[in-house]
Amino acid sequence: LRSLGVTDRPDTPYKPDDDGWFEEYRQAMYDEYCSALGATDRRVMIATMRLDGGVVAGPLGLFKQLSDEGRADFLAAIPDELLVANWMRQIGKSANHREQIISPVRWLVSTHGYVKTSLGILPVGEAVGPQLREYAEVLPVAEISLAKANKLRLPTRVEEVAPDRWSNLLNAVRGST
């Protein structure tokens, strides 16, 4: 496979800037920037926004075309060190306008990814970290490394689990009795 330029797992450090999905990421980071501006603040053109960061796991070009199970397997196969958590966004030429943002690989996995959990394969945003393993019968505990769970910002304590999840759980319990 390697001699054909193909890999069976996400282990190649690379820059995703030329991938088709990267424009969706760029637009999301621009929209996030604009949403933080006041109503009368001047908006810059998206072309003046620079996104910089380290290499990430790749290749990612076909990620969105994988099945849910394929995306979960892909996430599980990403080496922890290549699941880069953050990049930098700079608006214009001034270094004063640099701020930390979600990395493209973390954004892609959080937005379009799936993870194997104690309750089946679910979108990454619905999972909780492996630190909550003792609640695996009632919460979707991600079956990934602690490092990945932390980089993906999955809830790691009961207090971090969103209240609506508890409400849904209580409703499910009420419905089953």
Side-chain angles (χ1 to χ4, degrees), residues 1-33 35 46 49-89 100-133 135-156 160-162 164-165 168-169 172:
L1 287 175
R2 289 208 186 271
S3 63
L4 297 172
V6 179
T7 179
D8 65 342
R9 67 190 73 249
D11 63 356
T12 307
Y14 91 120
K15 288 285 229 176
D17 307 52
D18 294 329
D19 282 353
W21 63 269
F22 192 81
E23 281 309 311
E24 184 183 351
Y25 166 74
R26 174 181 290 287
Q27 185 66 51
M29 295 305 100
Y30 179 74
D31 292 346
E32 178 185 274
Y33 162 75
S35 71
I46 194 170
M49 179 181 72
R50 227 174 75 213
L51 304 172
D52 294 311
V55 295
V56 298
L60 296 170
L62 298 176
F63 180 78
K64 289 172 59 176
Q65 295 163 351
L66 296 173
S67 66
D68 297 354
E69 185 176 4
R71 292 181 197 191
D73 287 343
F74 187 97
L75 173 58
I78 294 175
D80 290 348
E81 66 276 6
L82 291 180
L83 182 59
V84 176
N86 299 307
W87 268 27
M88 296 297 289
R89 173 177 55 208
Q100 201 171 67
I101 58 170
I102 187 173
S103 77
V105 69
R106 190 174 121 215
W107 176 85
L108 183 66
V109 168
S110 297
T111 306
H112 300 287
Y114 285 79
V115 63
K116 291 180 181 174
T117 75
S118 58
L119 302 179
I121 295 175
L122 295 171
V124 170
E126 294 181 18
V128 298
Q131 299 90 329
L132 294 173
R133 191 167 282 114
Y135 300 97
E137 290 184 21
V138 293
L139 290 174
V141 177
E143 296 171 3
I144 56 176
S145 70
L146 293 175
K148 273 191 194 120
N150 288 334
K151 287 181 180 184
L152 291 171
R153 310 289 197 268
L154 298 182
T156 59
E160 295 172 355
V161 176
D164 63 320
R165 285 198 188 165
N168 292 342
L169 179 61

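Computation of the quantities below employed the complete heavy-atom set of this structure, encompassing side-chain atoms and omitting hydrogens, waters and symmetry-equivalent molecules.
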Looking at [Y], is its backbone amide N or carbonyl O close enough to the side chain of [X] to form a donor-acceptor pair, meaning the two atoms are under 3.5 Å apart?
| X | Y | answer |
| --- | --- | --- |
| Arg106 | Arg153 | no |
| Arg89 | Tyr30 | no |
| Thr156 | Gln131 | no |
| Lys15 | Gly53 | yes |
| Ser110 | Val124 | no |
| Lys151 | Asp80 | yes |
| Arg71 | Gly113 | no |

If you define the side chain from C-beta out and look only at heavy atoms, does anything of [X] sit under 4.5 Å from [Y]?
| X | Y | answer |
| --- | --- | --- |
| Ile144 | Leu154 | yes |
| Val115 | Lys148 | no |
| Tyr25 | Thr111 | no |
| Phe22 | Leu51 | yes |
| Leu152 | Leu83 | yes |

Smallest separation among heavy atoms of [X] and [Y], with atom names:
| X | Y | result |
| --- | --- | --- |
| Ala72 | Ile121 | CB-CG2, 4.3 Å |
| Ser103 | Trp87 | CB-CD1, 3.7 Å |
| Ala142 | Ala127 | CB-CB, 4.1 Å |
| Val141 | Ala136 | CG2-CA, 3.7 Å |
| Leu122 | Pro140 | CD1-CB, 3.3 Å |
| Trp21 | Pro104 | CH2-CB, 3.5 Å |

Rounded at 0.5 Å granularity, tell me how far [atom1] in [X] sits from [atom2] in [Y].
| X | Y | atom1 | atom2 | value |
| --- | --- | --- | --- | --- |
| Asp18 | Glu23 | CG | CD | 9.5 Å |
| Glu32 | Gln27 | CD | CD | 12.0 Å |
| Tyr114 | Ser67 | OH | OG | 10.0 Å |
| Ser118 | Glu137 | OG | CD | 9.0 Å |
| Asn86 | Ile102 | CG | CD1 | 8.0 Å |
| Lys64 | Asp19 | NZ | CG | 11.0 Å |

Item to check | Residues Phe74, Leu60; criterion side-chain contact (heavy atoms from CB on, under 4.5 Å); working and verdict | outcome: CA-CA 10 Å; Phe74 187 97; Leu60 296 170; 3.3 Å; yes
